[in-house]
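Proteins come first, then strands; the chains are lettered A, B, ... in the order of their sequence lines, and each starts at number 1.
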Amino acid sequence: MSKLPADFYQKVYAVVRQIPKGKVTSYGAIAKAIGSPQSSRTVGYAMNASHNLENVPAHRVVNRNGVLTGKHHFSGTHAMQQLLEAEGIEVIDDQIINFEAHFWEPEVLEAKE
DNA sequence: GCCCTGACGCTCG
DNA sequence: ACGAGCGCCAGGG
């Protein structure tokens with residue numbers, strides 16, 4: 001029942017929206033938080049749709065290497081990097097410096113079966 | 001209804 | 001240690 005694909009998106013948005021300023025997380029962490037650690041790809045896919053939502057700071061979401069893999073999908077070329085730097089996160093060559101220090105692990109949402 | 005693509009991640013060579 | 005390939009889920013043509 002609550003396993004609808006659309007629900008998957010909502011979960012992703014919910015987690016990303018909870019990312020505090022100056023913090024970042026990875027697709028895999030979100031995927032795991034929503035109960036689908038293997039759906040890391042789908043998480044990124046959901047982020048693409050989240051572009052229409054302002055409540056979803058997609059620029060705070062990077063891959064497990066701390067690389068701005070999705071910056072290419074942003075408005076400009078370094079728009080994502082600019083946003084992260086504005087929050088105090090140092091980004092060089094699409095790579096977040098001290099990624100671990102800025103890493104924020106999302107809380108696991110309770111799946112309502 | 002089938003095939004391909006995609007903002008990832010892990011395993012194998 | 002590095003590179004290539006496969007698996008995962010969902011959407012679009």
> NZ of A:Lys71 versus P of B:dA7: gap in Å, rounded?
13 Å
> May I have the step-by-step check of side-chain contact (heavy atoms from CB on, under 4.5 Å) for A:Ile89 and A:Arg60, ending in yes or no?
CA-CA 10 Å; A:Ile89 301 174; A:Arg60 293 182 188 154; 5.9 Å; no
> What is the distance, to the nearest angstrom, from the OH atom on A:Tyr27 to the C1' atom on C:dA10?
16 Å
> Would you state whether a donor and an acceptor, one from the side chain of A:Arg64 and one from the base of B:dG9, lie under 3.5 Å apart?
no
> A:His51 near the nucleic acid: base, sugar-phosphate alone, or nothing, with a heavy-atom cut-off under 4.0 Å?
base
> Suppose we call a contact any N or O donor and acceptor under 3.5 Å apart; does that hold for the side chain of A:Arg41 and the base of B:dG9?
no
> Within less than 4.0 Å of OP1 or OP2 of B:dC8, is there a side-chain N or O belonging to A:Thr69?
yes
> Can you confirm whether A:Glu85 is buried at CD, in the sense that more than 12 heavy atoms of other residues, nucleotides or ligands lie under 6.0 Å from that atom?
yes
> Using atom types as modelled, flag every donor-acceptor pair under 3.5 Å from a side chain in residues 26-47 of chain A to any protein atom, sequence neighbours excluded.
unit_1	atom_1	unit_2	atom_2	d
A:Ser26	OG	A:Ala29	N	3.3
A:Tyr27	OH	A:Val61	O	3.3

> Using a cut-off of 4.0 Å on non-hydrogen atoms, how would the nucleic acid contact of A:Phe74 be classed: base, sugar-phosphate, or nothing?
base
> Just how far, in rounded Å, is P of C:dA10 from NZ of A:Lys11?
11 Å
> Over how many whole Å does the gap from A:Leu83 atom CG to B:dA7 atom C1' extend?
15 Å
> How many whole angstroms separate atom CG of A:Asn48 from atom P of C:dA10?
16 Å
> Rounded to whole angstroms, how far apart are CD on A:Gln10 and C1' on C:dA10?
14 Å
> Could one point to a donor on the side chain of A:Ser40 or the base of B:dC8 with an acceptor on the other under 3.5 Å away?
yes
> Closer to the 5' end of DNA chain B via nearest nucleotide, is it A:Ser26 or A:Thr42?
A:Thr42
> Tell me: OH of A:Tyr9 to P of B:dA7, nearest whole Å?
12 Å
> List the atom of A:Ala49, the atom of A:Tyr13, and the distance in Å for their closest heavy-atom pair.
CB-OH, 3.5 Å
> Would one find more than 12 heavy atoms of other residues, nucleotides or ligands at under 6.0 Å from atom CD of A:Gln95?
yes
> Any base atoms under 4.0 Å from A:Ala49, or only sugar-phosphate, or nothing? Heavy atoms, all strands.
nothing
> Please report, rounded to the nearest Å, how far the P atom of C:dA10 is from the CD1 atom of A:Ile34.
10 Å
> NA contact type, A:Asn63, heavy-atom cut-off 4.0 Å: base, sugar-phosphate, or nothing?
sugar-phosphate
